[in-house]
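Step one of this worksheet: look at the structure below.
Quick caveat: nothing in here was measured; it's all calculated off a predicted structure.
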Amino acid sequence: MRARIIALCIIGAAFASPALAREHFQIYEGNDAVQQGTGGTRLTKNGIDYWTSGTPPHRYKILGLMIDKRGIGGLAGDALGSPSVAKAVKDAGGDAVIMMGEQEKVRGTASSGFYNGGRGFGSAFAFGVPIGNRETAMQVVKYLPDEPAAGPAQSPAPKGS
């Protein structure tokens, strides 16, 4: 029984819950905060756009950088489409994120095994799971209205003509 409890604790640590995901937001300041995007691929989920490649095909303002940190493993989830990321983006005043990169840091593995048998017959079960975290970097952006196209200046008609 004790071995099963230890195995369940190891499994729980290895398969981190999505509730353990954390988002860290840093405000961006710079003259180049307003950009004109060129287009790319996106996924819309939980009320925001996740630009997985390229940039939005219109004007936008970079509000900041968000780093999503969560465990790795079967139950940890992903930043892409995450409700917690969407909430953090909306709280920052954003409409979308531009995915910048992802990095996994594996610190080790947890493994466990079980053997049940006797008299030359039995069954065995063993598994190993990585222990670590994944960091996803994203630009948080606010969509801006497109600027009207500048047309030729019209001079007023001369008076008295």
Side-chain angles (χ1 to χ4, degrees), residues 7-112 127-159 161:
L8 289 175
C9 290
I10 291 171
I11 291 170
F15 292 102
S17 165
L20 298 178
R22 296 179 312 275
E23 290 78 31
H24 301 280
F25 180 77
Q26 300 169 352
I27 295 173
Y28 180 79
E29 297 178 6
N31 294 335
D32 61 344
V34 175
Q35 307 246 330
Q36 175 65 46
T38 57
T41 59
R42 73 178 159 94
L43 167 72
T44 302
K45 198 163 184 183
N46 296 310
I48 68 165
D49 292 334
Y50 295 82
W51 290 90
T52 56
S53 70
T55 55
H58 41 75
R59 290 178 63 234
Y60 62 91
K61 180 179 181 182
I62 301 170
L63 300 178
L65 175 70
M66 181 179 298
I67 305 292
D68 175 85
K69 295 181 181 182
R70 58 185 65 223
I72 55 177
L75 301 176
D78 194 6
L80 181 65
S82 165
S84 62
V85 168
K87 181 180 180 330
V89 168
K90 291 174 187 175
D91 289 348
D95 298 309
V97 294
I98 299 171
M99 306 299 281
M100 298 178 65
E102 192 169 73
Q103 179 179 1
E104 280 192 2
K105 296 178 182 177
V106 178
R107 291 194 278 311
T109 58
S111 59
S112 183
F127 65 93
V129 292
I131 302 290
N133 63 10
R134 179 183 319 129
E135 294 183 3
T136 306
M138 301 164 273
Q139 281 184 334
V140 177
V141 300
K142 174 82 177 158
Y143 294 146
L144 299 176
D146 290 329
E147 291 181 338
Q154 298 213 359
S155 56
K159 291 184 179 184
S161 305

[X] and [Y]: which non-hydrogen atoms are nearest, and at how many Å?
X: Pro57; Y: Trp51; value: CD-CH2, 3.4 Å
X: Thr44; Y: Asp49; value: OG1-OD1, 2.6 Å
X: Lys142; Y: Gly93; value: CD-O, 3.0 Å
X: Tyr50; Y: Ser82; value: OH-O, 3.0 Å

Quiz item: Is any side-chain heavy atom of Ile98 less than 4.5 Å from a side-chain heavy atom of Tyr60?
Solution: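 Sidechains of Tyr60 and Ile98: in contact.
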
Quiz item: Within a strict 4.5 Å, meaning less than it, do heavy atoms of the Glu102 and Leu80 side chains meet?
Solution: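 They are not in side-chain contact.
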
Self-check item: Full working for side chain to side chain contact (heavy atoms under 4.5 Å, CB included) between Gln35 and Thr55
Solution: CA-CA 9 Å; Gln35 307 246 330; Thr55 55; over 6 Å; no

[atom1]-[atom2] distance between [X] and [Y], expressed to the nearest 0.5 angstrom:
X: Thr52; Y: Arg42; atom1: OG1; atom2: CZ; result: 10.5 Å
X: Leu144; Y: His58; atom1: CG; atom2: NE2; result: 9.5 Å
X: Ile62; Y: Asp32; atom1: CD1; atom2: CG; result: 6.0 Å
X: Ile27; Y: Leu63; atom1: CD1; atom2: CG; result: 9.0 Å
X: Asp68; Y: Met138; atom1: CG; atom2: CE; result: 5.0 Å
X: Phe25; Y: Leu65; atom1: CZ; atom2: CG; result: 8.5 Å

Quiz item: Per the side chain to side chain contact (heavy atoms under 4.5 Å, CB included) rule, which among Lys87, Lys69, Met66 passes with Glu23?
Solution: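 The passing option is Met66.
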
Quiz prompt | Test side chain to side chain contact (heavy atoms under 4.5 Å, CB included) applied to Met99 and Thr41, Leu43, Thr136, the passing residue | solution =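 Exactly one pass, corresponding to Thr136.
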
Quiz item: Going through the distances and angles, do Gln26 and Ile67 end up as a side chain to side chain contact (heavy atoms under 4.5 Å, CB included)?
Solution: CA-CA 9 Å; Gln26 300 169 352; Ile67 305 292; 5.6 Å; no

Donor-acceptor contact below 3.5 Å, side chain [X] vs main chain [Y]:
X: Arg59; Y: Pro145; value: yes
X: Tyr143; Y: Ala96; value: no
X: Asn46; Y: Gly81; value: yes

